[in-house]
Amino acid sequence: MSAQAVVVAPATAPDQLVDRFGRTVRDLRLSVTDRCNLRCTYCMPEQGLEWLPGTQLLTVDELARLARLAVERLGVERIRLTGGEPLLRRDLEEIVAAMAGLRTRGGVKPDIGLTTNALGLERRAAGLRAAGLDRVNVSIDALDPGEYARLTRRDRLGDVLRGVAGAQDAELSPIKVNAVAVPGGLDERAPRLLAECLRRGWQLRFIEHMPLGPRGSWRAGDVVGAQQVLAVLRRAGFTLAPAGRPDRRPAALWDVAAGTGPDGLDYPAGRVGVIASVTTPFCADCDRTRITADGRLLTCLFSTTDTDLRGPLRAGADDEELLRLWTTATWGKPRAHGTDDPQAAPDGFTTPTRTMSAIGG
């Protein structure tokens with residue numbers, strides 16, 4: 001990525017992250033590694049990617065310092081630890097503990113979440129909970145072992161489900177399940193996922209496939225949109241009622257009435273969400289900022305520019321300099337999908353040079 005162009009922010013004290021369009025950041029997505037032990041077809045090539053050397057990753061102290069500035073000085077209230085696969089960091093518990101020691105302007109611990117594929121979570125869930133982790137988002141695209149193996153290129157569904165069970169035992173709640181809505185088999189895959197999530201008390205979120213995988217692997221015409229997902233669920237017998245988008249979170253929610261699933265087993269009432277980043281973007285009230293595992297600040301998931309924070313950190317920058325860098329970059333945040341003019345961009349998106357695993361979700 002190229003360096004972030006300099007945009008002059010208003011001459012005010014850097015006490016919050018506000019952009020030109022009046023959006024205020026409350027949510028920090030903090031990537032701790034670009035490595036992953038799955039090879040999901042929509043995310044990366046089968047052979048994987050060229051991983052960052054360990055010396056380029058932010059250390060625990062560097063992550064803690066940036067999180068402290070975000071929470072104590074800039075008004076951030078939620079931190080999501082992402083990757084790659086965060087569980088590949090052996091010091092993840094130490095990272096969580098550092099975040100849990102912070103206090104927001106309201107005097108409370110920030111909400112700390114983890115986005116994970118749950119491989120290895122069974123062994124570490126209790127320790128992460130003790131360190132201060134509140135909840136997990138787990139990626140599960142299918143409940144059929146063969147279908148899961150096809151989508152992730154790894155036969156690990158049993159290990160994933162044991163990891164989620166460990167998270168439940170550790171009372172990491174709520175457990176949200178993320179499933180990318182990809183074409184092919186959705187009529188069977190989506191209803192089974194929803195019925196099983198309702199039975200287990202998991203909150204399912206279908207995510208529209210975004211152009212963040214291997215270059216050339218995404219086509220707008222292949223996107224399974226929110227309305228298609230909802231139509232599949234209704235055809236399968238689910239009764240859905242819209243519940244809106246509370247708290248500016250990405251997912252639009254639907255209440256699901258109790259019923260009987262395609263497998264003939266009953267499921268209780270609950271909710272399902274769809275994150276419609278492609279067909280119904282929510283950029284107008286986006287409240288997120290992202291830092292990659294190597295310390296690059298991205299104000300938008302589709303940013304083609306970034307701001308280096310690791311360099312100044314390691315060069316001895318004081319807090320005020322880091323705050324100025326962060327607030328100035330945020331002021332220049334693009335309107336939507338990496339550009340101020342999404343109508344002029346191909347398919348409405350700019351194309352970042354990094355894939356999702358290297359950006360952090």
Side-chain angles (χ1 to χ4, degrees), residues 38 40 42-43 80 82 113-119 121 134-145 147-148 151-152 156-158 160-168 171-210 223-247 249-263 265-280 282 361:
L38 297 180
C40 297
Y42 51 79
C43 186
R80 176 86 63 83
T82 71
L114 178 73
T115 296
T116 176
N117 60 30
L119 293 175
L121 185 57
D134 294 302
R135 55 193 174 85
V136 293
N137 286 42
V138 181
S139 299
I140 306 177
D141 295 313
L143 285 174
D144 175 79
E147 183 76 356
Y148 182 88
L151 290 169
T152 65
R156 302 294 301 276
L157 180 60
V160 169
L161 295 178
R162 283 188 287 275
V164 183
Q168 285 184 299
E171 299 182 346
L172 290 168
S173 178
I175 290 175
K176 296 182 180 179
V177 170
N178 296 335
V180 176
V182 294
L186 188 72
D187 283 14
E188 293 77 29
R189 188 167 62 247
R192 181 177 177 184
L193 263 171
L194 178 53
E196 192 60 27
C197 285
L198 290 170
R199 291 183 194 118
R200 297 184 184 223
W202 304 343
Q203 298 182 11
L204 177 60
R205 304 288 184 264
F206 290 102
I207 303 175
E208 291 181 347
H209 183 200
M210 295 178 287
V223 172
V224 179
Q227 294 308 313
Q228 291 172 268
V229 173
L230 296 172
V232 164
L233 297 177
R234 288 186 171 113
R235 285 197 300 271
F238 293 93
T239 301
L240 308 174
R245 268 187 65 226
D247 301 326
R249 300 298 174 92
L253 301 179
W254 277 262
D255 290 320
V256 186
T260 302
D263 53 8
L265 301 176
D266 292 342
Y267 55 80
R271 278 185 168 180
V272 64
V274 182
I275 300 177
S277 303
V278 179
T279 63
T280 313
F282 40 86

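Below, each value reflects all heavy atoms present in this structure, side chains not excepted, and no hydrogens, waters or symmetry copies.
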Going by an N to O cut-off under 4.0 Å, is there a salt bridge joining Arg199 and Asp263?
yes
Quick one: does Leu172's side chain get under 4.5 Å of Arg135's, heavy atoms only?
no
Could you please spell out the steps behind the side chain to side chain contact (heavy atoms under 4.5 Å, CB included) verdict for Phe206 and Leu233?
CA-CA 11 Å; Phe206 290 102; Leu233 297 177; 4.1 Å; yes
Separation of Ile207 CD1 from Asn137 CG (nearest 0.5 Å):
8.0 Å
Step by step, work out the side chain to side chain contact (heavy atoms under 4.5 Å, CB included) result for Thr152 and Tyr42.
CA-CA 9 Å; Thr152 65; Tyr42 51 79; 5.9 Å; no
Where do Arg80 and Thr115 land on the side chain to side chain contact (heavy atoms under 4.5 Å, CB included) test, with the steps shown first?
CA-CA 7 Å; Arg80 176 86 63 83; Thr115 296; 2.9 Å; yes
Which atom names give the shortest non-hydrogen contact between Asp141 and Val180, and what distance separates them?
OD1-N, 2.8 Å
Going by the rule salt bridge (charged side-chain N to carboxylate O under 4.0 Å, His left out), which residues pair with Asp144 if we only count those two or more places apart in sequence or in a different chain?
none
Inter-residue atom distance Gln227.CD - Arg234.CZ, 0.5 Å rounding
7.0 Å
Side-chain heavy-atom pair Leu151, Cys40 within 4.5 angstrom cut-off
no
Atom of Ala142, atom of Leu157 and distance for their closest heavy-atom approach
O-CD1, 3.7 Å
I need the Leu240 CG to Leu230 CG distance, nearest 0.5 Å.
6.0 Å
Is there a donor-acceptor pair closer than 3.5 Å between any side-chain N or O of Gln203 and the backbone N or O of Val177?
no
Once ring-ring contact (aromatic ring centres under 6.0 Å, His included) is applied, what residue pairs with a partner in residues 173-195 remain, sequence neighbours excluded?
none
By the side-chain hydrogen bond (donor to acceptor under 3.5 Å, both in side chains) test, which pairs, at least two apart or in different chains, include something from residues 171-186?
none
The criterion is salt bridge (charged side-chain N to carboxylate O under 4.0 Å, His left out); which residues satisfy it with Asp187, sequence neighbours excluded?
Arg235
As an exercise, state the distance from CD1 of Ile175 to CD of Gln168, rounded to the nearest 0.5 Å.
4.0 Å
Counterpart residues, salt bridge (charged side-chain N to carboxylate O under 4.0 Å, His left out), relative to Arg205 (two or more places apart)
none
Taking all atoms of both residues into account, what is the closest heavy-atom pair of Leu121 and Ala167, and its distance?
CD2-CB, 3.8 Å
Determine, for Glu196 against Arg200, whether the closest basic-nitrogen to carboxylate-oxygen distance falls under 4.0 angstrom.
yes
Taking it one step at a time, do Trp254 and Val274 satisfy side chain to side chain contact (heavy atoms under 4.5 Å, CB included)?
CA-CA 8 Å; Trp254 277 262; Val274 182; 4.2 Å; yes
Do the side chain of Arg189 and the main chain of Val182 share a donor and acceptor less than 3.5 angstrom apart?
yes
Counting C-beta onward and ignoring hydrogens, is there a side-chain heavy-atom pair between Leu38 and Tyr148 closer than 4.5 Å?
yes
How long is the span from the SG atom in Cys197 to the CD1 atom in Ile140, to the nearest 0.5 Å?
6.5 Å
Which pair of heavy atoms, one from Val229 and one from Ala181, lies closest together, and at what distance?
CG2-CB, 3.9 Å
Which donor-acceptor pairs under 3.5 Å do the side chains of residues 255-262 make with protein atoms, sequence neighbours left out?
unit_1	atom_1	unit_2	atom_2	d
Asp255	OD1	Arg271	NE	2.7
Thr260	OG1	Asp266	OD1	2.8

